[in-house]
Amino acid sequence: MFDAIHLARENIRRLTPYSSARHEFDGSARVFLDANENAFGSPVGTALNRYPDPNQSVLKQKLGLLKNVSKESIFIGNGSDEAIDLLIRIFCEPGKDSVVICPPTYGMYKVAAEINGVDVREVPLVGGFDLNVAGITEAASKIVFICSPNNPTGNLMRHDEIISVARNFAGIVVVDEAYIDFSGESSIVGSIDEYRNLVALQTFSKAWGLAGARVGLAFADEAIISLLNHVKPPYNVGELSQSAVLEALSNTSAVWYSVERILEQRARLTEELNRLKCVETVFPSDANFVLVKVEGPDEIYEFLLNEAIVVRNRSTVIGCEGCLRITVGTPDENRSLIEALKKYEQQTARL
Ligand SMILES: *Cc1c(COP(=O)(O)O)cnc(C)c1O
C-alpha cells in the first residue's frame, strides 16, 4: 500500500517540527505573555499585534464544510506556490530525485525543482494537449505535476487519465486545479480518500479574486498534509489574509457571480478573436484565459504593449509556438484589446 512517510526524505521523516507559542497553547486565556508580542497594540488599528493562528483552525473548519473534507486533509499555504515548493522539499532528495512535468505547463514546477536542486523530467503533452499517461508512469520519479485545466493551454485533463496516473505512478501525483472553478468539471478532491498519493492544489488567486492575499490550498491524505504542516513556516498565512479568505467564504455568491460573468466574457472574447485575420486559432478554454495562435506573435505583443495592453507572450514555449495567452477581462478591457488588434491589422495591411 502507498506510504507517504516512506517516500519522504530521511531528514524530513526524522524532523522535530518547530513548535511555536501558539502551537503549544491555542485555547483562550486572560493574559497572553507567551509570544513576545507588543501588548500595547499595533499602530494600524486592527488587532495585528498578535500572531495569526498557525493551524488556521477557523479557516479549515469552514473550508472543510465547503469542500466536504476533514480539516486533517487540508493544508493552507502562502499561495499554492508554497505547497509546490514544500512538496518538492519533502519528497525529493536534492541531486538524486526527480520530478515529472508535462509541458507546455505552469512554469513554477520547474523553477521550484531547480531551486531545490531536483532534476526535472519532461513528458510533453500529446495531441490536443493531452497527458501521455504511459510516458508519465514509466518515468520513475518522486512527484508528477499535472495541471488541470492546464496553464497556458487552457484545457482540462481527462479525469480517467489522471486517475490512471494515480493508480500506476509510484510517487506523489499533484493535480494543480488553480482554474477548476472556471471549468464546470468536478474537482479531483473527491478522489483523495481512494488514492492516497493524490494531492489536489487549489488557490484563492483566480476565481476567488484574492491574488493579493496569497492563499493557496492542498488537499490530500492526512499523512501528506501532516508532512506539509511540519515543514511549513509556522505563521505562513498572515492574519489579514486569513480574515480576507474567511470573509470571502461567507460571500461565495459574489464569487460564483463573477465566475459566471467571466465565462460569458470568455465566450464573447473567443468569438471576437476568431473574427480577426491575425488570429489563426483560439484554443478551447476551461479556464479564465485563452491561448491564441496568431500571425506575428512578437509584433502583436509589442504593438499591444504600445497600446498599454499587456498579454502573456508564450510564443517561445515548446508546444505554444506563435501563441499569446490572454486573460479574460471586463467587457471594457476585452473591447480595448479587440480594438487594438483591429488597429494592428489596419496598420499592417497598409504596409
Ligand atoms: C496562478 C496559478 C497558480 C496560483 O498560484 P498562487 O501561488 O496560489 O497564487 C497555481 N497554479 C497555476 C497553474 C496557476 O496558473
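Atoms within a ligand are numbered from 1 in the order they appear, just like the ligands themselves.
- Looking at ligand 1, you won't find any N or O of Tyr109 less than 3.5 Å from one of its N or O atoms.
- With a 4.0 Å heavy-atom cut-off, ligand 1 is reached by the side chain of Lys206 but not by its N, CA, C or O.
- When the side-chain hydrogen bond (donor to acceptor under 3.5 Å, both in side chains) test is applied to Asn116, the partners found at least two apart in sequence or on another chain are Asp85.
- Listed by first and then second residue, the salt bridge (Lys or Arg N to Asp or Glu O under 4.0 Å) pairs that reach into residues 241-258 come to none, sequence neighbours excluded.
- One finds the CG atom of Leu7 at 6.0 Å from the CZ atom of Phe91 (value rounded to the nearest 0.5 Å).
- Interface of Cys147 with ligand 1, defined as ligand atoms under 4.0 Å from a residue heavy atom, comprises 13 (C).
- One finds no salt bridge joining Glu339 and Lys343 here, because no Lys/Arg side-chain nitrogen approaches an Asp/Glu carboxylate oxygen to under 4.0 Å.
- Near Gly79, with a cut-off below 4.0 Å to any heavy atom, the atoms of ligand 1 are 6 (P), 7 (O), 8 (O).
- The closest non-hydrogen atom to atom 11 (N) of ligand 1, taken over Thr105, Asp176, Leu201, comes from Asp176.
- Considering only heavy atoms from C-beta on, Pro103 stays 4.5 Å or farther from Val317 through its side chain.
- Residue Tyr179 places a heavy atom under 4.0 Å from ligand 1.
- The only option from Leu246, Val245, Leu249 that meets the side-chain contact (heavy atoms from CB on, under 4.5 Å) definition with Val58 turns out to be Leu246.
- Ligand 1 is approached by Arg214 to a heavy-atom distance shorter than 4.0 Å.
- Looking at Asn78 next to ligand 1, no N or O pair under 3.5 Å apart turns up.
- Under 4.0 angstrom from ligand 1, the non-hydrogen atoms of Ser80 come from both its backbone and its side chain.
- Remark: ligand 1 atoms within the under-4.0 Å shell around heavy atoms of Asp81 are 5 (O), 7 (O).
- In this structure, Phe129 has its ring center closer than 6.0 angstrom to the ring center of Phe283.
- Atom numbering of ligand 1 starts at 1 in the shown order; those under 4.0 Å from a heavy atom of Ser205 are 6 (P), 8 (O), 9 (O).
- Remark: the backbone N or O of Tyr106 is not paired with any side-chain donor or acceptor of Asn151 at under 3.5 angstrom.
- Close approach of ligand 1 to Ala178 (heavy-atom distance below 4.0 Å) involves ligand atoms 2 (C), 3 (C), 10 (C), 11 (N), 12 (C), 14 (C).
- Residue Ala211 places no heavy atom under 4.0 Å from ligand 1.
- Between Ala248 and Leu210, the closest heavy-atom pair is CB-CD1, 3.8 Å.
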